[in-house]
Chemist: 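I have a structure here, written as C-alpha cells, and I will follow up with some questions on it.
Positions are given from 1, in the same order as the sequence printed here. Note that the coordinates shown come from a computational prediction; the quantities given were computed from them, not determined experimentally.
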Amino acid sequence: MTTNIILLGPPGAGKGTQARKLVEERGMVQLSTGDMLREAQASGSEMGKKVAAVMAAGQLVTDEIVIGLIREKLEQGSEGGFIFDGFPRTLAQADALGDLLDGMGAKLDAVIEMQVDDEALVSRITARSTCGSCGEVYNDNTKPIPADGKCTNCGGTEFKRRADDNEDSLRQRLMEYYKKTSPLIGYYYAKGNLSSVNGLGEIDAVQAEIAKILG
Ligand code: ADP
Ligand code: ZN
C-alpha cells in the first residue's frame, strides 16, 4: 500500500526518529531535506557550499533549492510511499508539494503534527549526537552513546554533532519555525488531513500513536 505523509513539528520534535521507524516497518522512503542538504555539503557541491552558512545560522534555505531536491526524489518513486521530514517548511513549499503530488496522480494521506514544548526542544537538541554510519540518534542524558563506544544499531564507532545543534542556532531555527512553518498547521487543518501526536512521549509511545493514525 502506498502512503504519503508529512511529519510536521519544530526542530527536535522527533521527526527523524519516527521517520526511521516508518522506513523499517512499512518500507516507506524518508525524504529529509535537512539530510539532503547536509549530504550536499559533505559532497562539496556548489549548492552545498552555498547553503552551509545559512544552515549553520539556523535560517531556511531557499524554496527553490529544497523544492528541486524533493522533485528529483519523487521522480524515483516509492512503492511504500514517502515520509516528508522537514519539508514543507513554508506555505510556498506546501503548495509546490501539492502540485508535485497532483502531477503524479498521488495524494497526501496524513499530516502528523508532533507537539512538544520549547524547553524540551532546547535540552533535546543541545544533548544530541548521531551515529556517523547509520544515523541512529543518541542523547547525552536519556540515551547516551554506549560505554564500549559502539552504536547499538550498527556497531559504528564514529559519532557526530551537527554544526547547528547549539543554543544560538537552535533559537534561530525555532524562530523560523514559528514564523514560517507553524502556519502549515492551519493550512493542513483546513485541507482536512491534520492529526496531532504528543511528541513528548517515549519513542515507542509516539510510534504507536502514529501507527493508529495511519491504520
Ligand atoms: P531540524 O528540523 O532539526 O531543524 P533539519 O535537518 O530538518 O533540522 O534541517 C536543518 C537545516 O536545513 C534547517 O535549519 C534549514 O537551514 C535547512 N532546511 C532543511 N529543510 C528545509 C526546508 N524544507 N526549507 C528550507 N530550509 C531547510
Ligand atoms: Zn550506527
Chemist: Check whether more than 12 heavy atoms from other residues, nucleotides or ligands sit under 6.0 Å from atom OH of Tyr178, and answer yes or no.
Modeler: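 Result for OH/Tyr178: enclosed.
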Chemist: Kindly work out whether a path of hydrophobic side-chain contacts (I/L/V/M/F/W/Y, heavy atoms less than 4.5 Å apart) joins Val116 to Val111.
Modeler: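 Same cluster.
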Chemist: Under a plain distance cut-off of 3.5 Å, with no hydrogens placed, do Gln207 and Glu202 share a side-chain donor-acceptor pair?
Modeler: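 No pair is found: no donor N or O on one side chain lies under 3.5 Å from an acceptor on the other.
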Chemist: So does Lys107 get a backbone contact from the side chain of Asn4, meaning a donor-acceptor N/O pair under 3.5 Å?
Modeler: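 Judged by distance alone, yes, a pair lies under 3.5 Å.
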Chemist: Met114: which other cluster members, linking ILVMFWY side chains closer than 4.5 Å, directly or transitively?
Modeler: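 When side chains under 4.5 Å apart are linked, the cluster holding Met114 also contains Ile5, Leu7, Leu22, Val23, Met28, Ile83, Ile112, Val197, Val206, Ile210, Ile213, Leu214.
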Chemist: Taking all atoms of both residues into account, what is the closest heavy-atom pair of Gln172 and Ala57, and its distance?
Modeler: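 Looking at all heavy atoms of both residues, the shortest contact is CG-O, 3.1 Å.
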Chemist: CE of Met55 to NZ of Lys50: how many Å apart, nearest 0.5 Å?
Modeler: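 Atom-to-atom, Met55:CE and Lys50:NZ are 14.0 Å apart.
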Chemist: Under a 4.5 Å cut-off applied to non-hydrogen side-chain atoms, are Leu174 and Asp118 in contact?
Modeler: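 They are in contact (side-chain heavy atoms under 4.5 Å apart), so the answer is yes.
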Chemist: If you draw a 6.0 Å radius around CD in Glu64, do more than 12 non-hydrogen atoms from other residues or ligands fall strictly inside?
Modeler: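 No, CD of Glu64 has 12 or fewer neighbouring heavy atoms, counting only those of other groups under 6.0 Å.
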Chemist: I'd like to know if the side chain of Lys15 reaches the main chain of Glu113, judged simply by a donor and an acceptor atom lying under 3.5 Å from each other, with no hydrogens or angles considered.
Modeler: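 No: the side chain of Lys15 does not pair with the backbone of Glu113.
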Chemist: Less than 4.0 angstrom from a charged side-chain N to a carboxylate O is my criterion; do Asp99 and Arg71 meet it?
Modeler: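 Salt bridge absent between Asp99 and Arg71.
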Chemist: State whether the side chain of Arg173 and the backbone N or O of Asp164 hold a donor-acceptor pair below 3.5 Å, judged by distance alone.
Modeler: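 Pair found, side chain donor or acceptor close to backbone of Asp164.
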Chemist: Can you name the closest pair of heavy atoms from Ala92 and Ile67 and give their distance?
Modeler: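 Taking Ala92 first and Ile67 second, the nearest heavy atoms are O-CD1, 4.4 Å.
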Chemist: Could you report the tightest heavy-atom contact between Ser32 and Asp35, atom names first, then the distance?
Modeler: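 Where Ser32 meets Asp35 most closely, the heavy atoms are OG-N, 2.9 Å.
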Chemist: Test of understanding: with side chain to side chain donor-acceptor pair (under 3.5 Å), list the residues that count as partners of Asp85, not counting sequence neighbours.
Modeler: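 Testing Asp85 for side chain to side chain donor-acceptor pair (under 3.5 Å), a comparison that skips the adjacent residues, returns Gln30.
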Chemist: Say whether, by atom type as modelled, one donor and one acceptor occur between the side chain of Arg26 and the main chain of Gly80 under 3.5 angstrom.
Modeler: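 Checked: no pair found.
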Chemist: Quick check against the 3.5 Å criterion: does Thr126 have a side-chain atom that pairs as donor or acceptor with the backbone of Val122?
Modeler: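 Yes: the side chain of Thr126 pairs with the backbone of Val122.
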Chemist: Please tabulate, for the side chains in residues 143-156, all donor-acceptor contacts under 3.5 angstrom to protein atoms that are two or more places apart in sequence or on a different chain.
Modeler:
| unit_1 | atom_1 | unit_2 | atom_2 | d |
| --- | --- | --- | --- | --- |
| Lys143 | NZ | Glu136 | OE2 | 2.7 |
| Lys143 | NZ | Val137 | O | 3.2 |
| Asp148 | OD1 | Lys150 | N | 2.9 |
| Thr152 | OG1 | Tyr138 | OH | 3.1 |

Chemist: If we check side chain to side chain donor-acceptor pair (under 3.5 Å) with Thr90, which of these qualifies: Thr62, Thr181, Asp63, Asp95?
Modeler: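 Of all the options given, the one that passes is Asp63.
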Chemist: Could you measure the distance from the CE atom of Met36 to the CD atom of Gln41? Nearest 0.5 Å is fine.
Modeler: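 Result: 14.5 Å between the selected atoms.
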Chemist: So Asn193 and Asp109, do their side chains get closer than 4.5 Å, heavy atoms only?
Modeler: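 Result no, sub-4.5 Å side-chain heavy-atom pair not found.
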Chemist: Do Tyr188 and Pro88 have side chains that get closer than 4.5 Å, going by heavy atoms?
Modeler: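 Counting from C-beta outward, Tyr188 and Pro88 do come under 4.5 Å.
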Chemist: Would Ile125 end up clustered with Phe159 when hydrophobic side chains under 4.5 Å apart are linked, directly or stepwise?
Modeler: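 As far as the 4.5 Å side-chain criterion goes, Phe159 and Ile125 are not connected within one cluster.
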Chemist: Between Glu167 and Arg171, is there a side-chain N and carboxylate O pair less than 4.0 Å apart?
Modeler: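 Salt bridge flag = yes for Arg171 with Glu167.
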Chemist: Are Met175 and Leu170 linked, directly or through other ILVMFWY residues, by side chains that come within less than 4.5 angstrom of each other?
Modeler: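 No: no chain of side-chain contacts under 4.5 Å links Met175 to Leu170.
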Chemist: CG of Leu8 to OG of Ser182: how many Å apart, nearest 0.5 Å?
Modeler: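 If we round to the nearest 0.5 Å, Leu8:CG and Ser182:OG are 9.0 Å apart.
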Chemist: Rounded to the nearest 0.5 Å, how far does OG of Ser133 lie from CD of Glu158?
Modeler: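 So the gap between those two atoms works out to 7.0 Å.
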Chemist: For Ser123 and Ala120, indicate whether the former's side chain and the latter's backbone hold a donor-acceptor pair under 3.5 Å.
Modeler: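 Looks like yes, one N/O pair under 3.5 Å.
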Chemist: Quick one: CG on Leu108 to CG on Asp102, what's the gap to the nearest 0.5 Å?
Modeler: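 One finds 9.5 Å between CG of Leu108 and CG of Asp102.
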Chemist: Okay, side chain of Thr130, backbone of Gly135: is any donor-acceptor separation there less than 3.5 Å?
Modeler: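 Answer holds: no.
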Chemist: Looking at Met104, I'd like to know if its CE atom is crowded, meaning that more than 12 non-hydrogen atoms belonging to other residues, nucleotides or ligands lie closer than 6.0 Å.
Modeler: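 Count over threshold, so yes.
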Chemist: Same cluster for Leu60 and Tyr177 if Ile/Leu/Val/Met/Phe/Trp/Tyr side chains link at under 4.5 Å?
Modeler: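 Each belongs to a different hydrophobic cluster.
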Chemist: Gln93 side chain to Arg89 main-chain N or O, any donor-acceptor pair under 3.5 Å?
Modeler: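 Side chain of Gln93 to backbone of Arg89, a donor-acceptor pair under 3.5 Å: yes, one is there.
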Chemist: Verify, without hydrogens or angle tests, whether Thr2 (side chain) and Glu79 (backbone) share a donor-acceptor contact under 3.5 angstrom.
Modeler: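 Yes, the answer is positive, given that a donor and an acceptor are paired below the 3.5 Å cut-off.
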Chemist: Could you walk me through whether Leu69 and Leu37 pass the side chain to side chain contact (heavy atoms under 4.5 Å, CB included) check?
Modeler: CA-CA 9 Å; Leu69 289 169; Leu37 292 165; 3.7 Å; yes
Chemist: Test of understanding: clusters of I, L, V, M, F, W, Y form through side-chain heavy atoms closer than 4.5 Å, transitively. Do Ile70 and Tyr187 belong to the same one?
Modeler: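 Yes, because Ile70 and Tyr187 connect within a single hydrophobic cluster, where side-chain heavy atoms sit under 4.5 Å apart.
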Chemist: Determine whether Phe87 and Leu31 make a side-chain contact, defined as any pair of heavy atoms from C-beta on separated by less than 4.5 Å.
Modeler: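 Contact flag for Phe87/Leu31 side chains = no.
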Chemist: Please walk me through it: do Arg124 and Asp165 pass salt bridge (Lys or Arg N to Asp or Glu O under 4.0 Å)?
Modeler: CA-CA 10 Å; Arg124 273 188 186 182; Asp165 275 355; over 6 Å; no
Chemist: State, yes or no, whether a side-chain contact exists between Cys134 and Arg20 at a heavy-atom distance under 4.5 Å.
Modeler: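 The answer is yes, as the side chains (C-beta and beyond) meet within the 4.5 Å cut-off.
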Chemist: Using salt bridge (Lys or Arg N to Asp or Glu O under 4.0 Å), reason through Lys49 and Glu46 one step at a time and then give a plain yes or no.
Modeler: CA-CA 5 Å; Lys49 286 180 198 154; Glu46 280 311 308; 3.6 Å; yes
Chemist: For the atom pair NZ (Lys212) and OG (Ser195), what is the distance rounded to the nearest 0.5 Å?
Modeler: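 Here the rounded value is 11.5 Å.
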